[in-house]
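Here's the structure we're looking at; comments come further down.
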Protein chains: 2
Amino acid sequence: MTAQRVKTQNPQALTAQGRLDALMAGCPVHSLRSKLKQSGLRPTRQRMALGLLLFSKGDRHLTAEKLFEEAQELRVPVSLATVYNGLHVFTQAGLLREVAVDGSKVYYDTNVSNHHHFIIQGSNTLIDIPALDIDRGIIPEPPEGMEIAGIDVVIRLRAKS
Amino acid sequence: MTAQRVKTQNPQALTAQGRLDALMAGCPVHSLRSKLKQSGLRPTRQRMALGLLLFSKGDRHLTAEKLFEEAQELRVPVSLATVYNGLHVFTQAGLLREVAVDGSKVYYDTNVSNHHHFIIQGSNTLIDIPALDIDRGIIPEPPEGMEIAGIDVVIRLRAKS
DNA sequence: TTACGTGCAAATAATTTGCAGTCCC
DNA sequence: GGGACTGCAAATTATTTGCACGTAA
């Protein structure tokens, strides 16, 4: 192995892979590849394609069907079953968050930070709401011409570890 | 402050009308009947039976399938399609509230006042949370041995009338 | 009477699964 | 090479719909 072993606060910068990652930090392809590897997921052709569709356009709210359509439009060969599979493993890895909107389809949010949502009845559009507002009991103003039809708060519980 | 009880007999020994009567005994049958009429809904045999199952046991959280099972256990003749139909018209009439829990099934809450929910991961159990707490930015303590896995806030919007 | 409701079975919609074949490490 | 991943099609689950028949007003 290499002889240069200097301790710093960023050990990753000292390995060959780390230097490579740093160089490629601006490249969405390579940053996605290492994100997947860090999560123990093989960066397969299909997962890379889905990951790029999901994560290289800012925060997005997508259904499985919608993501599948986007892949098809771009002539990326991926099956619907693999889209579902990919969304599940991405979610498990903490790269996506499922949003409970209604009883029909599941939405995936590429913004995994703490925040909430408006949903416009009829059109199935999600709009982010910063968490702080609601956590302080402040209900934000609806967009122009819209009014609040209802508020759903669901706190999911699990057995303490 | 317990409600007047009617002596229960073997439900199978009764006629359909008799079982319906047993179900109605001690229950606000007429208030349900007028509630339905006020909403422009015909108080049919099936809707009365479903309404009594829903509204005569305090606040409940039910799925269509669960309500159907309860009707079957009490030998109340009603089809699954009619259960779905009934839940929809009751919801439109403001007698029920749909709760967005996850992407699979729809829950119906007989408590239509402003409040929120815990859901216990794994078991599909809903627990009411008074609205005031959350509307003031106070997240209530989870039950013993449970911890918060996540919070979903969805504000549903509609076009201003 | 007659429009609204109901029951049945078939149709949808979203998602999952079984398994043979493929690809990454 | 071997286990992880993918694709296809069939299976499942939750819900809706079409239509003939029933029933409350």
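Every chain is numbered from 1 and lettered A, B, ... according to where its sequence line falls, protein lines coming before strand lines.
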In whole Å, I'd like the distance from the [atom1] atom of [X] to the [atom2] atom of [N].
X	N	atom1	atom2	answer
A:K66	C:dA13	NZ	P	16 Å
B:Q92	C:dG5	CD	P	11 Å
A:D102	C:dT15	CG	P	10 Å
A:R42	C:dC24	CZ	P	9 Å
A:L87	C:dT15	CG	P	9 Å
A:L36	C:dC24	CG	P	13 Å
A:K105	C:dA14	NZ	P	4 Å
A:F68	C:dA13	CZ	P	15 Å

Legend entry - Residues A:E98, A:R156: salt bridge by 4.0 Å N-O rule: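 Looking at A:R156 together with A:E98, the answer is no, because their closest N to O distance does not fall below 4.0 Å.
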Legend entry - Heavy-atom contact window of chain B on DNA chain D, given 5' to 3' at under 4.0 Å: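 Contact span on the strand: D:dA14 to D:dA25.
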Inset, instruction - Check whether any side-chain heavy atom of B:S39 lies under 4.5 Å from a side-chain heavy atom of B:Q92, and answer yes or no. - result: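 Not in contact.
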Inset, instruction - Determine whether B:D128 and B:H61 make a side-chain contact, defined as any pair of heavy atoms from C-beta on separated by less than 4.5 Å. - result: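 The answer is yes; the side chains approach within 4.5 Å.
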Legend entry - Most 5' of B:K37 and B:Y107 on DNA chain D, judged by nearest nucleotide: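 That would be B:Y107.
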Legend entry - Residue closer to the 5' end of DNA chain D, B:A64 versus A:G40 (nearest nucleotide):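 Nearest nucleotide further toward 5': that of A:G40.
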Does the side chain of [X] get closer than 4.0 angstrom to OP1 or OP2 of [N] through an N or O atom?
X	N	value
A:Q46	C:dT22	no
A:S104	C:dA13	no
B:S79	C:dC8	no
A:R45	C:dC24	yes

Legend entry - Remaining members of hydrophobic cluster (4.5 Å side-chain criterion), A:I151: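 The other cluster members (ILVMFWY side chains, heavy atoms under 4.5 Å, direct or chained) are A:F118, A:I120, A:I127, A:I129, A:I134, A:I139, A:M146, A:I148, A:V153, A:I155, A:L157, B:F118, B:I120, B:I127, B:I129, B:I134, B:I139, B:M146, B:I148, B:I151, B:V153, B:I155, B:L157.
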Legend entry - Proximity to the side chain of B:V78 - top-ranked nucleotide from C:dG7, C:dG5, C:dT16: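 Among the listed nucleotides, the one closest to the side chain of B:V78 is C:dG7.
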Inset, instruction - Under 4.0 Å between any heavy atoms, over every strand shown, what does B:T63 touch: base, sugar-phosphate, or nothing? Just pick one. - result: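 No contact.
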Legend entry - Side-chain donor or acceptor of A:R97 paired with backbone N/O of A:S113 under 3.5 Å: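 Pair found, side chain donor or acceptor close to backbone of A:S113.
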Inset, instruction - Just jot down the side chain to side chain donor-acceptor pair (under 3.5 Å) partners of B:E65, sequence neighbours excluded, or say none. - result: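 Checked B:E65 against side chain to side chain donor-acceptor pair (under 3.5 Å); zero matches.
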Legend entry - Pair B:H117, A:D152: side-chain N/O donor-acceptor within cut-off below 3.5 Å: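 No, no side-chain donor-acceptor pair sits under 3.5 Å.
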